A.B. asks: 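Before I ask anything, let me first share the structure, which is written out below as structure tokens.
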Amino acid sequence: MVNQIRPALVMIALFTLLLGLAYPLAITGAAQLAFPSQADGSLVRGPDGTVQGSSLIGQPFAEARYLHPRPSAAGDGYNAAGSSGSNLGPLNPDLIERVKTDADALRAEAPGQAIPADAVTTSASGLDPNISPAYAALQAPRVATARGLTTAQVQGVIDRNTQGPLLGFIGQPRVNVLMTNRALDALAQPPAA
């Protein structure tokens, strides 16, 4: 019996060290060398070096001067610990009420404008950092008014921050909310009249 247990324990220890320690360390090291920003979470830092967020994870922006992200079903909103969809079906009264409330608020903000689907629907993770160019354009007049800019200036920032489909054909054009809001903050405001 000892002759059978000893090789089993040696193999457990060997494979634990090899696959549980050496392999993860090697892959982490290779990722740090080849893709340091991505390996560290694609963190976005401010001028003083403080972390402002990640370009891969949505976060709430509620002020009128910022583009607003998609609605989030993650915990209390953009809580990565509660990342998931709502699992509410299309006939669920709670979902219908939330979408109706969001759509009514957008109709009040931009009367007569078509409301893009991503303006009232959550992503599967609830943490999507991107919105459609149509949703960003819908918000441009509000952002411009709040910042004392023209809608054309804000739309220009949105256009410069619009990313096309991956490899030209995978996915849809998208606007990263955090990066666009940072670009809007960097835009010089005109002097007060």
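All of these numbers come straight from a predicted model, not from anything done at the bench. Scope of the values below: all heavy atoms of this structure, side chains included, with no hydrogens, waters or symmetry mates.
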A.B. asks: Just so I know, are the side chains of Ile158 and Pro133 near enough to count as touching, which here means a heavy-atom distance under 4.5 Å?
C.D. replies: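 In short, these two side chains do not touch, never coming nearer than 4.5 Å.
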A.B. asks: Can you find a heavy atom in the side chain of Asp102 that is under 4.5 Å from one in the side chain of Val99?
C.D. replies: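 No, side chains not in contact.
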A.B. asks: Specify the closest pair of heavy atoms between Thr121 and Ala117, including all atoms of both residues, with the distance to one decimal.
C.D. replies: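 So the two residues come closest at OG1-O, 2.8 Å.
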A.B. asks: If you define the side chain from C-beta out and look only at heavy atoms, does anything of Gln163 sit under 4.5 Å from Val175?
C.D. replies: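 No; the side chains remain at least 4.5 Å from each other.
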A.B. asks: Can you tell me how far apart OG1 (Thr180) and CG (Asn161) are? Round to the nearest 0.5 Å.
C.D. replies: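 Interatomic distance, Thr180 OG1 to Asn161 CG, rounded to 0.5 Å: 4.0 Å.
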A.B. asks: Does the Ser54 side chain pair with the main chain of Leu43, one donor and one acceptor, at a distance under 3.5 Å?
C.D. replies: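 No; judged by distance alone, with no hydrogens or angles, the pair does not exist.
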A.B. asks: Any donor-acceptor pair under 3.5 Å linking the side-chain atoms of Ser55 with those of Asn176?
C.D. replies: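 Side-chain D/A pair, Asn176 to Ser55: absent.
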A.B. asks: How long is the straight-line distance from CD of Gln172 back to CG of Asp118, given to the nearest 0.5 Å?
C.D. replies: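 Answer for the CG-CD pair, Asp118 versus Gln172, is 10.5 Å.
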A.B. asks: Any side-chain heavy atom of Tyr66 sitting closer than 4.5 Å to one from Val177?
C.D. replies: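 No - every pair of side-chain heavy atoms lies 4.5 Å or more apart.
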A.B. asks: So which atom in Asp94 and which in Asn92 form the shortest heavy-atom distance, rounded to 0.1 Å?
C.D. replies: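 Reported closest heavy-atom pair: N-OD1, 2.7 Å.
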A.B. asks: Would you find a donor on one side and an acceptor on the other, under 3.5 Å apart, between the side chain of Asn181 and the backbone of Leu67?
C.D. replies: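 Answer holds: yes.
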A.B. asks: Under 4.5 Å between any side-chain heavy atoms of Thr145 and Arg142, yes or no?
C.D. replies: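 A side-chain contact under 4.5 Å is absent here.
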A.B. asks: Looking only at heavy atoms, which two atoms of Leu106 and Ala119 are closest? And how far apart?
C.D. replies: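 Heavy atoms of Leu106 and Ala119 come nearest at CD1-CB, 3.4 Å.
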A.B. asks: With no hydrogens and no angle check, just 3.5 Å: does a side-chain donor-acceptor pair link Arg45 and Gln52?
C.D. replies: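 Checked: Arg45/Gln52 side chains show no N/O donor-acceptor pair below 3.5 Å.
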A.B. asks: Are any side-chain N or O atoms of Gln139 and backbone N or O atoms of His68, one a donor and one an acceptor, separated by less than 3.5 Å?
C.D. replies: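 Flag set: sc Gln139 to bb His68 pair under 3.5 Å.
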A.B. asks: Report whether Met11 and Leu18 are members of the same hydrophobic cluster (ILVMFWY, side-chain heavy atoms less than 4.5 Å apart, transitive linking).
C.D. replies: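 Linked, Met11 and Leu18 end up in one cluster.
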A.B. asks: Taking all heavy atoms of Pro173 and all of Thr162, pick out the closest pair and write down the distance.
C.D. replies: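 Heavy-atom minimum between the residues: CB-CG2, 4.4 Å.
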A.B. asks: Could you check whether any side-chain heavy atom of Asp185 comes within less than 4.5 Å of a side-chain heavy atom of Arg65, counting everything from C-beta outward?
C.D. replies: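 Yes, their side chains come closer than 4.5 Å.
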A.B. asks: Taking all atoms of both residues into account, what is the closest heavy-atom pair of Pro111 and Ala108, and its distance?
C.D. replies: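 Nearest heavy atoms, Pro111 then Ala108: CD-O, 3.9 Å.
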A.B. asks: Is Leu19 reachable from Leu21 through a run of hydrophobic residues whose side-chain heavy atoms are each under 4.5 Å from the next?
C.D. replies: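 Shared cluster, no.
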A.B. asks: To the nearest 0.5 Å, how far apart are CD1 in Ile131 and OG in Ser123?
C.D. replies: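 Answer rounded to 0.5 Å: 12.5 Å.
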A.B. asks: Considering non-hydrogen atoms only, spot the tightest contact between Gln113 and Leu138 and give its length.
C.D. replies: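 Result for this residue pair: CB-CD1, 3.4 Å.
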A.B. asks: Is the shortest heavy-atom distance from the side chain of Gln59 to the side chain of Leu178 under 4.5 Å?
C.D. replies: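 Gln59 vs Leu178: side chains touch.
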A.B. asks: Are the side chain of Arg147 and the backbone N or O of Ala64 linked by a donor-acceptor pair below 3.5 Å?
C.D. replies: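 No, because the side chain of Arg147 does not come within donor-acceptor range (under 3.5 Å) of the backbone of Ala64.
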A.B. asks: Would you say the side-chain atoms of Gln32 and Asp40 include a donor-acceptor pair closer than 3.5 Å?
C.D. replies: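 Distance-only check passes for Gln32 and Asp40.
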A.B. asks: Report the C-alpha distance between Thr122 and Ser72 in whole Å, list the side-chain angles of each, state the deciding distance to 0.1 Å, and finish with yes or no for side chain to side chain contact (heavy atoms under 4.5 Å, CB included).
C.D. replies: CA-CA 5 Å; Thr122 62; Ser72 175; 5.6 Å; no
A.B. asks: Roughly how far, to the nearest 0.5 Å, is CD of Gln155 from CG of Leu149?
C.D. replies: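 Leu149 atom CG to Gln155 atom CD measures 13.0 Å (nearest 0.5 Å).
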A.B. asks: Any side-chain heavy-atom pair from Thr101 and Arg98 closer than 4.5 angstrom?
C.D. replies: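 No; the side chains remain at least 4.5 Å from each other.
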A.B. asks: Is there a donor-acceptor pair under 3.5 Å between the side chain of Arg174 and the backbone N or O of Gly164?
C.D. replies: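 Answer holds: yes.
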A.B. asks: Check whether any side-chain N or O of Gln153 sits under 3.5 Å from a backbone N or O of Thr150 as a donor-acceptor pair, and report yes or no.
C.D. replies: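 Flag set: sc Gln153 to bb Thr150 pair under 3.5 Å.
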